[in-house]
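Have a look at the structure below before the remarks.
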Amino acid sequence: MVISFRGPITVAEYINHALLHPEFGYYTQDQTKGGAVFGKDHDFTTAPEISQMFAELLGVWVVHTATNLGFDKFHLVEIGPGRGTLMEDVVRTISQFSQVADKLETIHLVEKSASLRTLQEEKVNWTDVQWHDNFSDIPGDVPCIVLAQELFDALPVHQFELTEHGWCERLVDILEVEEEEVDAEEEGVAPVVAAPGPNAATGTDEAVEDTIDTKDTIDTIDTNDTAEAEELRFVLSPAPTNASRVYVRMFDPIPILPDAEAPRSTGSASDAVEEEAESDSKEKVVDKDAIGSRLEVCPAGCALSQDIALRISTHGGAALFIDYGKDRASGDSLRGIKHHQFVSPLQSPGRVDLSVDVDFASLKAAAEALKIDGLNVYGTVGQGDFLKQLGIETRLHALLTQPGITEEQAETLYLAYHRLTDEEEMGTVYRAMSMVSMPTGGEYEESPPAGF
Ligand code: SAH
């Protein structure tokens with residue numbers, strides 16, 4: 001494994017390998033055999049897998065947005081389509097609105113996993129479907145609508161911790177039991193407990209009581225006693241890393257006070273550049289109370305948010321992100337998920353899902369930092385409010401009053417509605433954010449997209 005050759009790797013590299021390694025990755029594993037990840041019998045269930053109502057309403061959102069923006073033609077993009085369930089139902093819904101369906105040209109699915117592509121191919125029924133490894137591979141010559149549902153939580157994050165030496169980076173290392181103490185001293189690397197305590201996975205102090213299987217609210221199981229959990233451990237870099245120098249400054253979580261006795265700049269520009277470069281290695285007075293603070297950042301998410309903003313602003317378009325998260329950064333929300341339970345993120349890399357709470361504020365800030373004329377960012381709003389604004393209750397009522405519906409089917413529908421919208425369930429922790437860019441050259445009034 002990479003770590004045995006190169007030494008400790010960043011948490012971001014670890015996530016990338018664990019989820020997408022071509023041979024051993026979690027999403028790249030063969031989904032048609034025992035290794036499948038989605039659904040009741042496997043590791044987790046996502047909103048489109050809970051009820052078709054979810055994707056139907058997203059289909060309505062696409063119809064509404066495409067109509068409002070007055071597209072003559074457009075492309076529909078989904079990044080991270082999983083089994084293809086969302087796009088299957090979105091396409092079915094759009095097909096019922098012929099004025100919009102006639103304008104939809106190509107469906108682009110951004111998926112790195114060959115195995116998931118096979119499942120998507122079976123489900124997505126459209127004349128022109130194209131697959132891409134990366135969002136940036138999609139041709140940019142027509143307006144597009146981009147969907148990303150439970151994608152950003154799977155993107156790699158860096159984690160930092162404030163120490164007496166400044167912000168150091170959390171790394172993943174191999175745990176060699178006998179040599180553990182010696183190694184840590186020799187390398188100047190501080191070992192950190194690998195497996196999380198009971199609630200570390202949720203990043204909250206609240207006890208999690210119910211076992212339900214969406215990614216945000218499931219139980220944590222103690223993996224301390226498994227052999228696998230002991231193979232890897234978190235360590236801290238002995239000094240700030242490139243990533244901690246760049247990203248902590250960008251996110252500026254807690255001010256690190258400059259040493260009062262440090263010599264002041266004499267004013268020359270080149271001195272200033274050198275001092276800037278050296279400043280991380282100089283002594284700094286760190287607020288003692290803040291030591292131990294953690295910060296998690298997702299540069300890949302910010303970069304993708306910017307790519308999407310640029311792409312939809314070339315010919316007009318819109319994007320919708322739905323995920324669990326907050327309008328701020330987390331300290332450490334990385335968790336492993338296996339069979340509908342939280343486990344250590346270091347357990348069985350490639351066989352356990354890894355996910356984090358999405359920091360929507362950083363996605364929004366990244367897009368807005370581009371200062372693109374005509375680009376507006378909306379949200380976040382809770383998934384419950386979003387779906388209600390789009391008419392989930394009307395849809396539920398229509399389904400419940402279908403002729404011949406059994407009591408059992410009605411109960412299932414109601415439970416799915418409750419699960420998707422209730423604030424104790426997915427209604428608040430799951431959130432929606434949107435970006436809209438007006439097509440150039442037309443008369444468009446700025447108005448929030450449906451649901452915002
Ligand atoms: N949207 C689906 C699946 C969510 S699971 C649903 O809601 O059911 C996450 C999806 O993102 C998978 O399709 C996975 O292959 C994809 N994915 C994970 N990491 C990715 C990355 N770095 N870039 C692009 N897609 C990624």
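Predicted model only: the values in this text are computed from it and were never measured. Atoms within each ligand, like the ligands themselves, are counted from 1 in listed order.
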Considering only heavy atoms, does A47 approach ligand 1 within less than 4.0 Å through its side chain, its backbone, both, or neither?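 The answer is neither; A47 stays 4.0 Å or more away.
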Suppose I only count heavy atoms of [X] and a 4.0 Å limit; which atoms of ligand 1 are within that range?
X    : result
K112 : 23 (N)
P81  : 2 (C), 13 (O)
E78  : 1 (N)
E150 : 4 (C), 5 (S), 9 (C)

May I ask you to check if ligand 1 and [X] share an N or O to N or O distance below 3.5 Å?
X    : answer
L20  : no
T46  : yes
S113 : no
E111 : yes

In this structure, is the centre-to-centre distance between the rings of F386 and Y430 below 6.0 Å?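 Between F386 and Y430, which both carry aromatic rings, the centre distance is not below 6.0 Å.
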Could you give all pairs that pass the side-chain hydrogen bond (donor to acceptor under 3.5 Å, both in side chains) test and reach residues 382-393, with sequence neighbours left out?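 Of all non-adjacent pairs touching residues 382-393, those that pass side-chain hydrogen bond (donor to acceptor under 3.5 Å, both in side chains) are E393-Y417.
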State whether the side chain of S113 and the backbone N or O of L116 hold a donor-acceptor pair below 3.5 Å, judged by distance alone.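 Yes; at least one donor-acceptor contact below 3.5 Å.
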In terms of side-chain heavy atoms, does S136 have a donor or acceptor partner in D307 at a distance below 3.5 Å?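 No pair is found: no donor N or O on one side chain lies under 3.5 Å from an acceptor on the other.
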For E169 and Q159, test the side chains for any donor-to-acceptor distance below 3.5 angstrom and give the result as yes or no.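 The answer is no; no qualifying pair exists.
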Tell me, please: is R83 in heavy-atom contact with ligand 1, that is, under 4.0 Å?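 For ligand 1, residue contact (heavy atoms, under 4.0 Å) with R83 is absent.
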Tell me the nearest of L151, D323, L155 to atom 26 (C) of ligand 1, using heavy-atom distances.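 Ranked by closest heavy atom to atom 26 (C) of ligand 1, first place is L151.
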Do the side chains of R170 and D332 get close enough for a salt bridge, i.e. N-O under 4.0 angstrom?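 Yes, this pair counts.
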Rounded distance (nearest 0.5 Å) linking atom CG of L295 with atom OG of S244: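 Separation between the atoms: 10.5 Å.
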